[in-house]
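Input: a single structure, listed below in structure tokens.
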Amino acid sequence: MNDSERRRLVTRNTAEVVTDEELDDLLENDPTIYVGYAPTGEMHIGHFTTIRKLADFLRADLDVTVLIADLHAHLDDEKSPFELLDERTAYYREAIEGMVAAAGADPTEIEFVEGREFELDADYSLELLRMAADTTISRVQRAGSEVVRQSENPKLGGLIYPLMQTLDIDALDADIAYGGIDQRGIYMLSRELFADRGDEPPVCVFAPLLAGLSGGKMSASDATSKVNLTDDADTVAEKLQGAYCPQGEVEDNGVLEYMDYLVFPILDERGESFEIERPDEYGGDLVYESYDELEDDFVSGELHPQDLKNAAAEYVSSVIAPVRERIDTDRLATAYPEKYE
RNA sequence: CCGCCCUUAGCUCAGCCUGGUAGAGCAGCCGACUGUAGAUCGGCUUGUCCCCCGUUCAAUUCGGGGAGGGCGGACCA
């Protein structure tokens, strides 16, 4: 595989790369890339869009490491109780493997690591303390503001969080730090801290974040604003039916984003097209080979939101189906006892 | 260790002084209107009033204790 093809695989469907030049340099060798997920709430379709890209990284022949950041899950305002860390870690790993497989790659090629395996090592702890001694509260707060839960009475844990994430890059020997664009603040701080220590800063690749179905940002607490990986076909249809989707508008349109970032990339991989059934009175069925064609028709008014929603629900459901089937519901229940009695 | 303040609907809070089991805004849900959703209009729901004990016919309200949280003081050897 030549460099430009690798580059295309690594960067397609991303929100930002910092920096392009540094990435090019790395791709001349065999770079390692890592992404971390804190096993907090149930995984949803937003995770799928970032995880789907891991398949691209594997195809580009990168060394992919996935960190299940168990300590981070607890450190961030105790989103996960300490006692549930093991169960949630197991659930996250299983779900992530399912998503990678659903994206057409082999999950066994990924190296999975858990935070407690190395974040408690003496040298890691020492570096953490040295970093804490040298970093102001406001800088860390600002870096983590998009990721760490904000509250009136923030815990110390939320300040340690970005520092540990920075040390993880080093500890896992990652040349590239990958994550959602919400991670940008933390990784930009990481790059500065690396430079301060005289180390080579990581290249950062950011995935776009899916908008919420109710318009605006996706909210973890608003169940109707996102599709869960365990949602069945009817639930998916119900949620998409209720989605904010103004005719002809692309802005804040969650339904279109689902198509762009999730459905079309996967259809692409399978070599399938997007087919919309439409009553004759409205013009009959439609077929799209690419997202751009679909967006054009939507903007022009040729494609009505209701017809899009109907088809979108089916495709979204079919895309998450393999993940849904792979998730062990008993494990899910023990990982979230307050939700599944 | 000491002092002061806070804890009421999913969220932000009012009510408590002058006891009679509670309200607003937002959110949410339903209906109307659009071939979707939203916006708009109409309607509706929601509560161990942090816990325990006491006073009282009656406590969210008064008294005592406790828990959780916040702020300040003291200490700076």
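Numbers restart at 1 for each chain; the letters A, B, ... are given by sequence-line order, proteins then strands.
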Checklist entry - Taking a pair as Watson-Crick or G-U wobble with both distances under 3.5 Å, which nucleotide is matched to B/G19? => result none

Checklist entry - Looking only at atom C1', what distance separates B/A32 and B/C16, rounded to whole Å? => result 42 Å

Item to check | A/Asp199 bridged to A/Arg197 by N-O distance under 4.0 Å | outcome: yes

Checklist entry - Could you give the CD-to-P distance, from A/Gln241 to B/G38, as a whole number of Å? => result 10 Å

Item to check | Minimal non-hydrogen separation, A/Ser317 against A/Val236, with atom names | outcome: N-CG1, 4.2 Å

Checklist entry - Any side-chain donor-acceptor pair under 3.5 Å between A/Tyr291 and A/Glu295? => result yes

Checklist entry - Which nucleotide in the list B/U36, B/G35, B/G38 gets nearest to the side chain of A/Asp307? => result B/G35

Checklist entry - Could you state the CZ-C1' distance from A/Phe298 to B/G35, rounded to the nearest angstrom? => result 13 Å

Checklist entry - In whole angstroms, how far is the C1' atom of B/U36 from the CD1 atom of A/Ile276? => result 13 Å

Item to check | Length of the line joining A/Gln247:CD and B/G38:P, which is rounded to integer Å | outcome: 15 Å

Checklist entry - Does NZ or CZ of A/Arg116 lie under 6.0 Å from the centre of the six-membered ring of A/Phe82, at an angle within 45° of the ring axis? => result yes

Checklist outcome for this item: Using Watson-Crick geometry (N1-N3 plus N6-O4 or O6-N4) or G-U wobble (N1-O2, O6-N3), each under 3.5 Å, B/G54 is paired with B/C62

Item to check | Pair A/Phe57 and A/Tyr178, ring centroids less than 6.0 Å apart | outcome: yes

Next on the checklist: Which nucleotide, if any, forms a Watson-Crick or G-U wobble pair with B/C33, using both distances under 3.5 Å?
Outcome noted: none

Checklist entry - B/A22 and B/U36: how far apart are their P atoms, nearest whole angstrom? => result 42 Å

Item to check | Base paired to B/U48 (Watson-Crick or G-U; both N/O distances under 3.5 angstrom) | outcome: none

Checklist entry - In whole angstrom, what separates A/Lys226's NZ from B/A37's P? => result 21 Å

Checklist outcome for this item: Winner on side-chain proximity to A/Asn153, out of B/U36, B/G69, B/A37, is B/G69

Checklist entry - Roughly how far apart, to the nearest Å, are B/G28 and B/G69 at atom C1'? => result 28 Å

Checklist entry - Among side-chain atoms of A/Thr49 and A/Tyr258, is any donor-acceptor pair under 3.5 angstrom? => result no

Checklist entry - Taking atom C1' in both B/A58 and B/C13, what distance in whole Å separates the two? => result 28 Å

Next on the checklist: Looking at B/A39, which nucleotide sits across from it as a Watson-Crick or G-U wobble partner, both distances under 3.5 angstrom, or is there none?
Outcome noted: none

Checklist entry - Base, sugar-phosphate alone, or nothing: which one does A/Glu152 contact when heavy atoms must sit under 4.0 Å apart? => result nothing

Checklist entry - With both distances under 3.5 angstrom, what nucleotide forms a Watson-Crick or G-U wobble pair with B/A24? => result B/U12

Checklist entry - Expressed as a whole number of Å, how far does the C1' atom of B/C52 sit from that of B/G70? => result 24 Å

Checklist entry - What distance, rounded to whole Å, do you find between the two C1' atoms, one in B/G38 and one in B/G47? => result 30 Å

Checklist entry - Parallel, tilted or perpendicular for A/Phe264 and A/Phe274, by the 30°/60° rule? => result tilted

Checklist outcome for this item: Atom CD of A/Glu78 and atom P of B/G69 are separated, to the nearest Å, by 10 Å

Checklist entry - Say you pick atom C1' in B/C50 and the same atom in B/A59; how far apart are they, in whole Å? => result 15 Å

Item to check | Nucleotide nearest A/Tyr282 (side chain, heavy atoms from C-beta), chosen from B/G35, B/U36, B/G38 | outcome: B/G35

Checklist entry - Which whole-number value in Å describes the distance from A/Glu249 CD to B/U34 P? => result 21 Å

Checklist entry - Given atom CG of A/Asp252 and atom P of B/A37, what is their separation to the nearest angstrom? => result 18 Å

Item to check | Spacing of the C1' atoms in B/C6 and B/G66 (rounded, Å) | outcome: 16 Å

Item to check | Residue matched to B/U7 through Watson-Crick or wobble contacts both under 3.5 angstrom | outcome: B/A67

Item to check | Counterpart base for B/C1, defined by Watson-Crick or G-U wobble contacts under 3.5 Å | outcome: B/G73

